[in-house]
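Below you'll find the structure, written out as structure tokens, and then a few comments.
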Amino acid sequence: MAEIIDGKAIARQLDEKTKAEVDAMVAAGLPRPGLAVVLVGNDPASEVYVRRKMKGCEKVGINSFEHRLPAETSQDALLTLIARLNADPEVHGILCQVPLPAHIDTRTILAAITPEKDVDGFHPVNVGRLSTGTGGIVPCTPLGVMMLLDSVIDDFVGLDAVVIGKSNIVGKPVALMLLDRECTVTVTHIYTENLPEIARKADIIVAAAGAPELVKGDWVKPGAVLIDVGITRIMGENGKEKLVGDIAFDEVQHAKAVTPVPGGVGPMTIACLLHNTVQAAKALAENGEGNGLDPYHDAPDRSLIYGTSEGSA
Ligand code: NAD
């Protein structure tokens, strides 16, 4: 039987560590970390995500500042708000919930956030830092993927990793992080030929395609570790909606370990956002802006990231 990697439990451990870090910062006289969340319009899914993020902040003691703007907000007005948040000493992380309304250029907005407060890790400077291995804030879902892999793999060197999906927010950063850990990485996508054959040689598969149950049992080598990022809402047999991942979960019991959907990667994303916010606050307090912050590599205690130190719940 494959081990089921419990994303909820690992996210909870990370939250506990994040909370302990916040408490320690405040006790040391440092500012309490603050996250500004900007929501333009009233996309229902975005509303849910923003609510969860605010709740997460409350749980770990991070100050949260919610900025709700009407859908007709101009790009200039949004840029003005971002400039204000960039300069606000109480704000250490800025998150602009996407998708933005069509009249606003998402790339311009994301690039306007100062890289040291870009806790989503989407700013071109942070993307560049990740791809050159020179630090930077890394995107939350890929960071969560790495933490889940770290919970079951001790040594990544030389492992064969196949990433399915090449988006900027999941596939590409995951591939870069796996490369950084000395894996041999194959990045695949919708036009990749012989995907089952490529997947079959993998020690690690990270599936981030958004294609329900794409990865079948016979695509998986015995003993492989499988991380399922995909989330698709489908109608279940009982007429109720259910969430399905990219991996045919019931067919992969010969794997070493697999993440469930839900309860795998999903819970890690917000926990990593909170973690990134605290690392950003620390770095800003220590160095100010332009410090080359590296929460992934240079966290003062790597167990903060990996959840394996003594004392973890
Ligand atoms: P995307 O649509 O931007 O990219 C999908 C990628 O998968 C593309 O590169 C595409 O070429 C590839 N792909 C699609 N169908 C494929 C197929 N049949 N075979 C091979 N490759 C295929 O998606 P995204 O934003 O990267 O998200 C991917 C999935 O991960 C979605 O289901 C999304 O909901 C989920 N997601 C989950 C979280 C989380 O927190 N758990 C976060 C982000 C995304």
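In each ligand, atom 1 is the first atom listed, and ligand 1 is the first ligand listed. Hydrogens, waters and symmetry mates play no part in the numbers below; they use all other heavy atoms, side chains included.
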| message | Give me the residue, atom name and distance of the protein heavy atom closest to atom 42 (C) of ligand 1. | response | T141 OG1, 3.3 Å
| query | To which protein heavy atom is atom 25 (O) of ligand 1 closest, and what is the distance rounded to 0.1 Å? | reply | I169 CD1, 3.5 Å
| query | Which is it for L195 and ligand 1 at heavy atoms under 4.0 Å: side chain, backbone, both or neither? | reply | side chain
| atom 8 (C) of ligand 1 - nearest protein heavy atom and its distance | K166 N, 4.0 Å
| query | What do you reckon, does G171 put a non-hydrogen atom under 4.0 Å from ligand 1? | reply | no
| For atom 6 (C) of ligand 1, the protein heavy atom that lies nearest, with its residue and separation | G165 CA, 3.6 Å
| said: Testing the basics here: between I205 and A199, what is the closest heavy-atom pair and its distance to 0.1 Å? | reply: CD1-O, 3.8 Å
| note | Judged by heavy atoms only, the candidate from G245, C140, S167 nearest atom 4 (O) of ligand 1 is S167
| task | Note the single closest protein heavy atom to atom 35 (C) of ligand 1, along with its residue, its atom name and the distance in Å. | result | V229 O, 3.4 Å
| task | For T232 and A211, work out which heavy atoms get closest and say how close. | result | OG1-N, 4.5 Å
| Which one of A209, G210, P267, A207 has a non-hydrogen atom at the shortest distance from atom 7 (O) of ligand 1? | A209
| task | Measure the distance from atom 10 (C) of ligand 1 to every protein heavy atom, then report the residue, atom name and distance (to 0.1 Å) of the closest one. | result | I190 N, 4.0 Å
| message | I need the contact type for T188 against ligand 1. Using non-hydrogen atoms and a strict under-4.0 Å cut-off, is it side chain, backbone, both or neither? | response | neither
| query | Which heavy-atom pair separates M235 from E241 by the least distance, and what is that distance? | reply | SD-N, 4.0 Å
| Taking NZ, NE, NH1 and NH2 as the nitrogens, is one of them in R68 or E47 under 4.0 Å from a carboxylate oxygen of the other? | yes
| task | Check step by step if salt bridge (charged side-chain N to carboxylate O under 4.0 Å, His left out) holds for E66 and K53. | result | CA-CA 10 Å; E66 197 176 344; K53 287 166 187 172; over 6 Å; no
| task | Answer yes or no: is there an ion pair linking D150 with R181, defined by an N-O contact shorter than 4.0 Å? | result | yes
| Does OH in Y49 sit with more than 12 non-hydrogen atoms of other residues, nucleotides or ligands closer than 6.0 Å? | no
| query | Atoms of ligand 1 less than 4.0 Å from L214 heavy atoms? | reply | 17 (C), 18 (N), 19 (N)
| task | Please verify whether a non-hydrogen atom of T192 lies at under 4.0 Å from ligand 1. | result | no
| message | If you compare all heavy atoms of G7 against all heavy atoms of L148, which two are closest, and at what distance to 0.1 Å? | response | CA-CD2, 4.0 Å
| remark: Heavy atoms of F122 and D118 approach each other most closely as N-OD2, 3.1 Å
| Can you tell which of L78, L95, I113 makes a side chain to side chain contact (heavy atoms under 4.5 Å, CB included) with V38? | L78
| task | For A208, take its heavy atoms, then give the atoms of ligand 1 lying under 4.0 Å from any of them. | result | 5 (C), 6 (C), 7 (O), 28 (C)
| message | Strictly less than 4.0 Å: does any protein heavy-atom distance to atom 2 (O) of ligand 1 fall in that range? | response | no
| request: May I ask which of V174, I231, V163, T232 has a heavy atom nearer to atom 33 (C) of ligand 1 than the others do? | output: I231
| request: Would you check, one step at a time, whether the test salt bridge (charged side-chain N to carboxylate O under 4.0 Å, His left out) holds for D23 with K19? | output: CA-CA 6 Å; D23 292 346; K19 184 173 184 319; 3.2 Å; yes
| request: Give the residue and atom name of whichever protein heavy atom lies nearest to atom 43 (C) of ligand 1, and the separation in Å to one decimal. | output: V170 CG2, 3.8 Å
| remark: In ligand 1, the atoms that come under 4.0 Å of a heavy atom of V265 are 41 (N)
| So, for M147 and C272, which heavy atoms are closest and what is the spacing to 0.1 Å? | CE-SG, 3.7 Å
| note | Numbered in order shown, the ligand 1 atoms found under 4.0 Å of a heavy atom of G266 are 41 (N)
| said: Among all protein heavy atoms in this structure, tell me which lies nearest to atom 40 (O) of ligand 1, with the distance rounded to 0.1 Å. | reply: T269 OG1, 2.8 Å
